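Input: a single structure, listed below in structure tokens.
Along the sequence shown, residues carry numbers from 1. Since the structure is predicted, the reported quantities are computational estimates derived from the model, not experimental observations.
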Amino acid sequence: MDLFITTQDWGGYKVFDIISYFTVILLIGKPKNLISLRTFYTAVSLLLMVVLIIGGLHSEFIARSFVFLSQFITVFIYASILVRQLHQEPTFIYDVLKGLKFSCLFSLAFLAMQLIFGLSVALYKLNLNASAYDSIIRYPSYFEDPQKYGQFLAMSSFIFLIENPAKKINSLINPALFFLVIVALFLTGVRAAFTGLCVGMIIIFIFGDKKYKLLGIACTAVVIITAVFFSNHFAIFNRGADVNDTASVRYAYWAGAFKIFLQNPFLGIGIGNYQSYVSLHSQDQFWLFFGTYEYMDHPESGYLKLLVEFGVLGFILLLFLIFLPIINAFRVIINPVFANEKKLLLFVSASLICWLVAFVTVYSFSDLRIGIFVVTLVSILISPPHISPFYTSDEI
């Protein structure tokens with residue numbers, strides 16, 4: 001889905017973008033199959049698009065903004081179709097989750113090939129984060145950057161704890177795969193993703209059943225044992241860069257980005273324009289790779305990147321589309337009336353919260369697969385009838 005079909009000179013459109021637009025063409029004349037039943041979320045999404053269009057017109061790089069906006073829209077096309085399908089066929093959720101599990105298992109197989117043959121096994125030109133700065137390799141699997149792969153693994157781990165109630169599955173398989181994914185996460189060396197995983201596990205420990213509390217304890221024990229006895233074998237425990245130095249550099253990036261936001265607070269600088277903007281107006285924001293300079297396309301924070309480009313209006317609308325489904329899901333989780341849906345919503349919410357935590361220091365939307373993953377989880381949360389901002393238990 002993330003592979004390019006056109007060159008950067010022609011917009012850098014990817015497989016997913018083209019499939020989405022072909023889908024729209026095929027559904028012309030069948031608008032009911034394209035428009036989501038969740039009209040509230042649809043209205044917020046359309047309002048977000050209006051804000052981004054105005055922001056793009058207001059920016060210095062109008063053409064670039066509209067190219068990025070045309071690609072940004074494709075995930076909303078996907079979400080609209082997926083939500084409708086999940087509403088019409090609720091069991092399709094488990095087919096979607098099966099697909100997510102398969103993609104993760106495939107990444108683990110790819111990771112195994114890298115462990116055997118080295119980083120020459122790759123689909124992309126790898127980011128220097130993979131090996132340039134530390135003595136131990138940080139494995140990216142079929143991703144370009146180990147930081148994004150770490151987010152992918154942390155999110156995927158919770159999906160393996162979801163079982164289809166219609167099928168009898170060995171209850172030990174999913175926990176085993178869960179721990180296997182965590183081991184793979186150690187090999188990426190990504191602290192942000194690991195922090196997100198820990199937050200997700202705390203949520204499951206608090207709201208989950210007794211067996212998941214035991215799983216949380218077991219997971220903690222595994223991490224402690226690994227850190228004490230096997231830390232030399234895992235990149236996450238052997239990062240060469242000093243934490244304080246890394247934090248100070250990142251803080252400088254954040255301060256620079258926030259300064260740009262204060263200059264363009266309401267509409268932002270236009271979607272996709274961060275690198276172009278800093279190359280003209282904030283030239284101290286650059287990465288230095290062995291004597292090669294490259295202007296930053298994000299300030300080492302997903303939230304600041306969106307805030308600067310979208311402005312406060314677009315930023316709030318986008319986060320609203322993510323946080324509101326999570327809030328409504330927890331309203332169901334703590335309500336004993338919906339016992340059957342509790343596990344599904346809890347693990348999906350934990351996966352999303354895991355990503356939200358890691359997104360603080362890693363802008364991962366530049367890899368379309370992370371964006372698709374996030375949108376899929378949000379769509380799952382808003383698809384059941386009772387996951388609505390206007391729903392009350394009296395409607396049962």
Side-chain angles (χ1 to χ4, degrees), residues 38 82-83 85-105 152-182 185 196-220 222 322-357 373-389 391-393 395-396:
R38 295 290 174 265
L82 179 59
V83 169
Q85 180 64 29
L86 292 175
H87 182 81
Q88 293 177 342
E89 187 182 352
T91 57
F92 185 65
I93 287 178
Y94 296 100
D95 293 321
V96 173
L97 294 174
K98 185 187 298 184
L100 295 176
K101 292 177 182 179
F102 174 80
S103 64
C104 183
L105 292 175
F152 175 78
L153 287 174
M155 295 168 66
S156 298
S157 63
F158 296 102
I159 303 303
F160 281 101
L161 298 178
I162 302 174
E163 297 182 0
N164 188 342
K167 295 183 179 180
K168 294 182 179 180
I169 304 176
N170 187 340
S171 60
L172 294 179
I173 294 178
N174 286 329
L177 292 175
F178 171 80
F179 282 110
L180 181 62
V181 173
I182 292 178
L185 176 60
L197 174 72
C198 292
V199 173
M201 287 303 301
I202 291 172
I203 290 171
I204 291 176
F205 185 85
I206 295 173
F207 295 99
D209 297 337
K210 181 179 179 180
K211 69 175 182 179
Y212 296 111
K213 296 182 187 297
L214 295 175
L215 179 66
I217 295 173
C219 184
T220 302
V222 168
I322 298 173
F323 277 96
L324 184 61
I326 296 175
I327 293 171
N328 288 320
F330 272 96
R331 188 176 63 170
V332 173
I333 290 170
I334 62 177
N335 189 336
V337 174
F338 301 109
N340 294 333
E341 293 88 354
K342 180 176 179 178
K343 290 182 181 178
L344 171 67
L345 297 179
L346 178 60
F347 293 132
V348 171
S349 298
S351 180
L352 264 176
I353 292 171
C354 169
W355 167 79
L356 287 167
V357 172
F373 201 152
V374 171
V375 170
T376 299
L377 296 179
V378 172
S379 299
I380 289 174
L381 289 185
I382 69 177
S383 59
H386 49 268
I387 307 299
S388 165
Y391 183 83
T392 64
S393 57
E395 298 175 14
I396 300 175

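In terms of modelled atom types and a separation under 3.5 Å, the side chain of Ser351 and the main chain of Phe347 share no donor-acceptor contact.
A pairwise comparison of heavy atoms in Cys354 and Ala154 identifies SG-CB, 3.3 Å as the closest pair. Here the shortest heavy-atom pairing between Val378 and Pro325 reads CG1-CG, 4.0 Å.
When side chains are defined from C-beta on, Lys101 counts as touching Asn174, because their heavy atoms get closer than 4.5 Å. Contact annotation: the side chain of Leu381 approaches that of Ile326 to within less than 4.5 Å [non-hydrogen atoms, C-beta and beyond]. Put simply, the side chain of Met155 does not reach to within 4.5 Å of the side chain of Leu197, judged on heavy atoms. Between Leu377 and Ile159, some side-chain heavy-atom pair lies under the 4.5 Å cut-off. Taking the side chain as every heavy atom from C-beta outward, Ser157 and Phe179 never approach each other to under 4.5 Å. When side chains are defined from C-beta on, Glu89 counts as touching Thr91, because their heavy atoms get closer than 4.5 Å. Between Phe373 and Trp355 the shortest side-chain heavy-atom distance does not fall below 4.5 Å. Under the 4.5 Å side-chain criterion, counting only non-hydrogen atoms from C-beta, Val348 is in contact with Leu344.
In this structure, Leu86 CG and Ser379 OG are separated by 7.0 Å, a value rounded to the nearest 0.5 Å. With values rounded to the nearest 0.5 angstrom, Phe205 atom CZ is found 8.5 Å from Leu214 atom CG. If you take CD1 on Ile93 and NZ on Lys98, they are separated by 14.0 Å, rounding to the nearest 0.5 Å. With values rounded to the nearest 0.5 angstrom, Leu185 atom CG is found 12.0 Å from Phe152 atom CZ. Here the straight-line distance linking atom CG of Leu100 with atom CD1 of Ile162 works out to 9.0 Å at 0.5 Å rounding. Between the OG1 atom in Thr220 and the CD1 atom in Ile202 there is a gap of 8.5 Å [rounded to 0.5 Å].
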Could you walk me through whether Leu352 and Phe158 pass the side chain to side chain contact (heavy atoms under 4.5 Å, CB included) check? CA-CA 9 Å; Leu352 264 176; Phe158 296 102; over 6 Å; no

Going through the checks in order, is the side chain to side chain contact (heavy atoms under 4.5 Å, CB included) test met by Ile380 and Val83? CA-CA 7 Å; Ile380 289 174; Val83 169; over 6 Å; no

Phe92 and Leu82: CA distance, side-chain angles, deciding distance, side chain to side chain contact (heavy atoms under 4.5 Å, CB included) verdict: CA-CA 10 Å; Phe92 185 65; Leu82 179 59; 4.0 Å; yes

Verdict with reasoning, Ser349 to Ile203, per side chain to side chain contact (heavy atoms under 4.5 Å, CB included): CA-CA 9 Å; Ser349 298; Ile203 290 171; over 6 Å; no

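When each of Leu180, Ile182, Val181 is paired with Phe178, the side-chain contact (heavy atoms from CB on, under 4.5 Å) condition holds for Ile182 and for no other.
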